[in-house]
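The figures here come from the full heavy-atom set of this structure, side chains too, leaving out hydrogens, waters and symmetry mates. Throughout, residue positions are numbered sequentially from 1 according to the sequence presented.
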Amino acid sequence: LALMPTGGGKSLCYQLPSLLLPGLTLVISPLIALMKDQVDDLLLRNIPVGLLNSTQSDEASNEVFQRMTDGTLKILYTSPERLFARESLLFTQLQSLNISLIAVDEAHCISDWGHDFRPDYRRLRQLLADLPAWTPVLATTATANQRVTDDVAAQLGDDSLVLRTTLDRKSLHLSTVDLADDAHRLAWLAETLPQLD
């Protein structure tokens, strides 16, 4: 479980190994827009990547399934809901493929204590139980207090290694200003907003 700030390189933690590992890397992500951005970026770099989500046509989904089957896909992005959908063959097909790595993005969604809890994330243990025990799982998030971290680690396996990077970012500066009333707030905004451009 890697806890890293936004922009800290979480995606590289699974994208780079996926190019070096022999089989398919499965990336489970809750956000269609985030998946699409990452897939578009990887396609620009000629990396064999695909995604399965609810916005795709049957034709596009079938093409991704074919690339999974013939082994020409290195990275597959999908949501936990698509992974476990009753009408989806994805869960069954993944069990017959060479999965080299499972990456769980936005892993705080696994936790009952997380602010974006998604129940299908809790079912990931089903997938892990049906894959070889050696299949590595990497979970990444920028959002997890200790309670959420402990819960995510327990869901992924009791022997989970937790890595934290600092949230200190030299490019960010935080400050507070005591504004006693509306007149002070307006004056502060008038002075500050032009500087933010």
Side-chain angles (χ1 to χ4, degrees), residues 1-2 4 6-7 9-110 114 116-142 152 155-157 160:
L1 172 59
M4 303 169 72
T6 300
K10 291 185 296 297
S11 300
L12 286 176
C13 290
Y14 52 82
Q15 290 173 349
L16 185 59
S18 73
L19 301 178
L20 302 173
L21 294 168
L24 178 70
T25 292
L26 174 65
V27 180
I28 301 166
S29 175
L31 305 170
I32 290 174
L34 178 62
M35 282 190 268
K36 184 169 179 353
D37 286 350
Q38 290 190 15
V39 167
D40 289 347
D41 184 55
L42 292 169
L43 286 172
L44 287 173
R45 300 171 198 291
N46 295 317
I47 294 172
V49 61
L51 72 122
L52 290 170
N53 67 42
S54 59
T55 66
Q56 288 176 295
S57 67
D58 288 343
E59 183 180 347
S61 294
N62 290 338
E63 180 186 332
V64 172
F65 273 103
Q66 181 59 48
R67 291 174 63 209
M68 283 171 42
T69 303
D70 64 24
T72 59
L73 199 63
K74 288 298 291 174
I75 307 173
L76 173 67
Y77 284 80
T78 193
S79 70
E81 290 81 8
R82 177 67 191 256
L83 179 62
F84 294 109
R86 278 189 213 123
E87 70 281 357
S88 173
L89 299 174
L90 179 57
F91 182 82
T92 305
Q93 186 166 6
L94 287 172
Q95 295 171 42
S96 66
L97 297 176
N98 178 17
I99 305 290
S100 293
L101 174 66
I102 296 176
V104 182
D105 203 8
E106 306 295 335
H108 60 274
C109 296
I110 294 173
D116 282 334
F117 174 56
R118 302 270 287 265
D120 280 314
Y121 263 104
R122 286 290 228 207
R123 297 179 63 192
L124 289 177
R125 289 188 99 149
Q126 287 178 249
L127 177 63
L128 301 180
D130 289 334
L131 292 175
W134 53 262
T135 306
V137 178
L138 170 67
T140 63
T141 185
V152 170
Q155 288 300 312
L156 296 177
S160 296

Asks: Report the distance from atom CG of L83 to atom CG of L26, rounding to the nearest 0.5 Å.
Replies: 6.5 Å
Asks: Under the salt bridge (charged side-chain N to carboxylate O under 4.0 Å, His left out) rule, what pairs show up with a residue in residues 45-69, not counting sequence neighbours?
Replies: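 Every salt bridge (charged side-chain N to carboxylate O under 4.0 Å, His left out) pair that includes a residue of residues 45-69, provided the two are not neighbours, is D41-R45.
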Asks: Looking at CG of L73 and CZ of F65, how far apart are the two atoms once the value is rounded to the nearest 0.5 Å?
Replies: 11.0 Å
Asks: To the nearest 0.5 angstrom, please state how far the CD atom of E81 sits from the OG atom of S54.
Replies: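 It is 9.0 Å, given to the nearest 0.5 Å.
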Asks: Any non-hydrogen side-chain atom of D105 less than 4.5 Å from a side-chain atom of Q38?
Replies: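 Yes, side chains in contact.
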Asks: Evaluate N98 against L24 for side chain to side chain contact (heavy atoms under 4.5 Å, CB included), listing each step before the verdict.
Replies: CA-CA 6 Å; N98 178 17; L24 178 70; over 6 Å; no
Asks: Is there a side chain to side chain contact (heavy atoms under 4.5 Å, CB included) between Y14 and L21? Walk through the geometry before answering.
Replies: CA-CA 10 Å; Y14 52 82; L21 294 168; over 6 Å; no
Asks: Looking at K10 and T140, would you say the former's side chain and the latter's main chain have a donor-acceptor pair under 3.5 Å?
Replies: no
Asks: If every non-hydrogen atom of T72 is compared with every non-hydrogen atom of P48, which pair is closest and at what distance?
Replies: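 Smallest interatomic distance, heavy atoms only, reads O-CB, 3.2 Å.
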Asks: Please report the interatomic distance CD1(I32) to OH(Y77), rounded to the nearest 0.5 Å.
Replies: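 Atom-to-atom, I32:CD1 and Y77:OH are 14.5 Å apart.
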Asks: For T135 versus I99, what's the shortest heavy-atom pair and its separation?
Replies: CG2-O, 3.8 Å
Asks: Measure across M68 and L52 and return the closest heavy-atom pair with its distance rounded to 0.1 Å.
Replies: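 For M68 and L52, the tightest heavy-atom pair comes out as SD-CD1, 4.4 Å.
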Asks: Can you give me the closest heavy-atom contact between I28 and S79, atom names plus distance?
Replies: CG2-C, 4.2 Å
Asks: Please examine the side chains of M35 and P30, heavy atoms only from C-beta on, and report whether any two atoms are closer than 4.5 Å.
Replies: no
Asks: Do V104 and L138 have side chains that approach each other closer than 4.5 Å (heavy atoms only, starting at C-beta)?
Replies: no
Asks: Could you measure the distance from the CG atom of L31 to the CG atom of N53? Nearest 0.5 Å is fine.
Replies: 11.5 Å
Asks: Kindly determine whether Q66 and N62 satisfy side chain to side chain contact (heavy atoms under 4.5 Å, CB included), including the steps that lead there.
Replies: CA-CA 6 Å; Q66 181 59 48; N62 290 338; over 6 Å; no
Asks: Answer yes or no: is there a side-chain heavy-atom contact under 4.5 Å between P17 and T25?
Replies: no
Asks: Hey, could you give me the OG/CG distance between S11 and L16, rounded to the nearest 0.5 Å?
Replies: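 Result: 12.0 Å between the selected atoms.
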Asks: List the atom of S57, the atom of A60, and the distance in Å for their closest heavy-atom pair.
Replies: OG-N, 3.1 Å
Asks: So do the side chains of V152 and T141 get within less than 4.5 Å of each other, counting heavy atoms only?
Replies: no
Asks: What I'd like to find out is whether the side chain of T78 reaches to under 4.5 Å of the side chain of L51, using heavy atoms alone.
Replies: no
Asks: Would you say the side chain of M4 lies within less than 4.5 Å of the side chain of C13, judging by non-hydrogen atoms?
Replies: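 Yes, close enough: below the 4.5 Å cut-off.
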Asks: Give a yes or no answer on whether the side chain of K74 reaches the backbone of L20 with a donor-acceptor pair at less than 3.5 Å.
Replies: no
Asks: Quick one: are L101 and P136 in side-chain contact, heavy atoms under 4.5 Å?
Replies: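 Result yes, sub-4.5 Å side-chain heavy-atom pair found.
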Asks: So which atom in S18 and which in I75 form the shortest heavy-atom distance, rounded to 0.1 Å?
Replies: OG-CD1, 3.1 Å
